[in-house]
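To keep things clear, I will list the structure first and then write my remarks on it.
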There are 4 protein chains.
Amino acid sequence: MARREFARSGYVGTTNRRIAEQAGITTGAIYHYFTSKRDVYLAVFEETDRIILTRYQEVTSDALLSFEEMVAQLLEVSSQMNSEDETLAAFLASASVDAHRDPELLPTYLEHDHKMMGFFSQLIDAGVEEGVIHDESRADILDAIRVLTLGLTWYSVRLGDPVAHRRATAATIQAMRGNLFPSRPAGRRRATR
Amino acid sequence: MARREFARSGYVGTTNRRIAEQAGITTGAIYHYFTSKRDVYLAVFEETDRIILTRYQEVTSDALLSFEEMVAQLLEVSSQMNSEDETLAAFLASASVDAHRDPELLPTYLEHDHKMMGFFSQLIDAGVEEGVIHDESRADILDAIRVLTLGLTWYSVRLGDPVAHRRATAATIQAMRGNLFPSRPAGRRRATR
Amino acid sequence: MARREFARSGYVGTTNRRIAEQAGITTGAIYHYFTSKRDVYLAVFEETDRIILTRYQEVTSDALLSFEEMVAQLLEVSSQMNSEDETLAAFLASASVDAHRDPELLPTYLEHDHKMMGFFSQLIDAGVEEGVIHDESRADILDAIRVLTLGLTWYSVRLGDPVAHRRATAATIQAMRGNLFPSRPAGRRRATR
Amino acid sequence: MARREFARSGYVGTTNRRIAEQAGITTGAIYHYFTSKRDVYLAVFEETDRIILTRYQEVTSDALLSFEEMVAQLLEVSSQMNSEDETLAAFLASASVDAHRDPELLPTYLEHDHKMMGFFSQLIDAGVEEGVIHDESRADILDAIRVLTLGLTWYSVRLGDPVAHRRATAATIQAMRGNLFPSRPAGRRRATR
DNA sequence: TATGAATGAGATTTCATTCAT
DNA sequence: AATGAATGAAATCTCATTCAT
């Protein structure tokens, strides 16, 4: 599949020849289905985006889940998808770089990015409503979530090993819960455990 | 400087012509100083590596710093470098992708990666010695640190704004200290709904 | 119709896809009716040739017309055809170029050219018989007619406007009659300043 | 020279390979001097335009010439250039078609066309001032001149023979003077010869 | 008859690299 | 040391043509 090639070699580094070989056709035949290499790339992107967002939507659209459960479910789903098809996360990470190197790829990427932010916002909304998140720390939390998800994505791509990824995810959750690093009381914080 | 070009356009996307233009010479002259474009890239990489690691070393080699102070200092130094020269982090992030796309670039990148791990290990050693970190959670902490630093790097590169980066860094530290997300002893969850 | 496409974009520049689209079929279907794109082109050419020559024949085969009337009729018929279907002249002009660029198109074009010369010869014959044309100026007249018809064709194609074409035709007739440019016996020029 | 190739095979039909072969270099080297094939074409066009217009300017800028002499000189110069370098007229005729087939070539062609019109206008001005041309027939004369020059150009290109071209030019001049075709008095015209 | 997927040859273009000067 | 003209390999893309269905 073209996704694997794009993830491995990037947009510029993936040649039509490779794409065609993977598909068992000639380079000319590509243009029967797509108008350009860019078109192939964007089609792959949109398919990837769709696959991932569908799974995420199943989590966030479940009104019965608490904040805690939602976070757990999203991370769980991420890990699952990673195990099922390693190219999904690899491609998206790769694409986040390629999109910023080619102006014509950027809009599609930003659209995807925007949708992802939507999930995080819904997540935070749930937390605020539930009372476990202070309203004034929304922006900070959004920042932190972005940092954590970016970090997890890149780390897992580098590791290339679902088991290690799962372990790292667990460790990160522990860190987020203040169970890993020493924590000083930052004002009105009650001691947890 | 070539670093800016490589950071912006990647290894494949940066042409010798651009490198030469930025340096105020001709493409032919490049080959008086380097044996190939790859050689230029690796030279840029090694210089970047040296600049960053020198600054980090100044922090970790100060035996008087506590774990807490060391973490703070490292993050502070990262932010400072980011403000002084935005191309450093941008190039390294870019390089982490390009290195994995071209086998001949990988060894140099892995070497750099290894050195970075050394700093984190030293950091953890200090924490264990100080008693603020449990010895058995070393691996988890190393994972978490990698996730957090990767996340911060990519987030800052995307933001492209030192002020926003600093804010995100602060938010991440808060998260790490357990001050942001709700933390509950694992297992003893109240029933939701 | 394919004629419009060939006239507009030329032989090389017109793709089978466009031909098929214009005809409301697929590219593959073209090969049920023609053996090649060249075959399509030549069929268009021959149809165009037939349409035009039929109209011309109606003029020159009318034995009752005087030289003057024949010239007027031919020009009139040219203008009429131009108004009825602008693609006829446009295609022939276009073809006169394309035929000379592709050796396999040339014979068909030359054949058409030869037929056109036949009409001009008949015209001159009528003029000589009528006594309004000197027998020894036959060659010169043939040259002049060719120049004038070529000029009118190309000018009208460029103008793309039947009304302007008609005006230019009238002006050219005036010029041919010596009513436009100053004419003086050759040799006996007055000294100019 | 590239002009010969473009004249013979047209803009689309002339390949970089042919251009390079003619120049004794490889296709890649073309791009050391030009940014695209189109750029090569336009450079050829502009050079051709310059050569021809320089020669024409020498005629029309000579204030001592009468209308009659100017016309004779322009035709003479045209014939001379045609003998010296047959590719000049051949290319311009070819270009008049190619320019209308490719929107990006058109502006340069129209600019050239506009300059040529300038010469004709100057010519007519001289005739009006001299009293040999009626002021109210300016438009008709411009039309007729355009038709005649277009016709001569295309006829000479088809003939491909400077001697025949010269003969055709002479015949056309005779026709213009009313010496060839039978002319009926069109109103106030005095009998000439 | 007709479709449309597919081919394969060839076109334009890019670019790291070389080398005479 | 440095230039910049030139190469040659490879990439993207086009298109007339074929052929299984």
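Just so it is clear, the structure is predicted and the values come from calculations on it, not from any experiment.
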Handout entry: Residue Ala29(B), side-chain atoms from C-beta onward, closest of dT14(E), dC13(F), dT3(F)
Key = dT3(F)

Handout entry: Under 3.5 Å donor-acceptor, Asp98(B) side chain and Tyr11(B) backbone
Key = yes

Practice task
Could you check whether Thr35(B) gets within reach of a base, just the sugar-phosphate, or nothing at all, counting any heavy atom under 4.0 Å?
Solution key: nothing

Exercise for the section: Check the distance between dC15(F)'s P and Glu21(C)'s CD and give it to me in whole angstrom. Expected result: 12 Å

Fill in the blank from the handout: In whole angstroms, the gap separating C1' of dT17(F) from CG of Asp39(C) amounts to 14 Å

Problem - Phosphate OP1/OP2 of dT13(E): any Tyr31(D) side-chain N/O under 4.0 Å - result: yes

Practice task
Let me know the distance between NE2 of His32(B) and C1' of dT3(F), rounded to the nearest Å.
Solution key: 8 Å

Handout entry: Whole-Å gap separating P (dT13(E)) and CZ (Phe34(D))
Key = 13 Å

Practice task
Going by the side-chain contact (heavy atoms from CB on, under 4.5 Å) test, name the single residue among Asp102(B), Thr14(B), Leu105(B) that passes it with Tyr41(B).
Solution key: Leu105(B)

Problem - Whole-Å distance separating the CZ atom of Arg17(D) from the P atom of dA9(F) - result: 12 Å

Practice task
Between Gly28(B) and Gly28(A), just flag the one whose closest nucleotide in DNA chain F comes earlier from the 5' side.
Solution key: Gly28(B)

Practice task
Indicate yes or no for a side-chain donor-acceptor contact from Asp39(D) to the backbone of Thr35(D) under 3.5 Å, with no hydrogens or angles considered.
Solution key: yes

Handout entry: Ser36(B) side chain, from C-beta outward: closest of dT13(E), dA1(F), dT17(E)
Key = dT17(E)

Exercise for the section: Respond yes when some side-chain nitrogen or oxygen of Asn16(C) is under 4.0 Å from OP1 or OP2 of dC15(F), and no when none is. Expected result: no

Practice task
Measure from the side chain of Thr15(A), starting at C-beta and using heavy atoms only, and say which of dA11(E), dT18(F), dT12(F) lies closest.
Solution key: dT12(F)

Practice task
Could you check whether Thr27(A) gets within reach of a base, just the sugar-phosphate, or nothing at all, counting any heavy atom under 4.0 Å?
Solution key: base

Exercise for the section: Count the heavy atoms of every other residue, nucleotide or ligand shown that sit under 6.0 Å from CZ of Arg158(B), and state whether that count exceeds 12. Expected result: yes

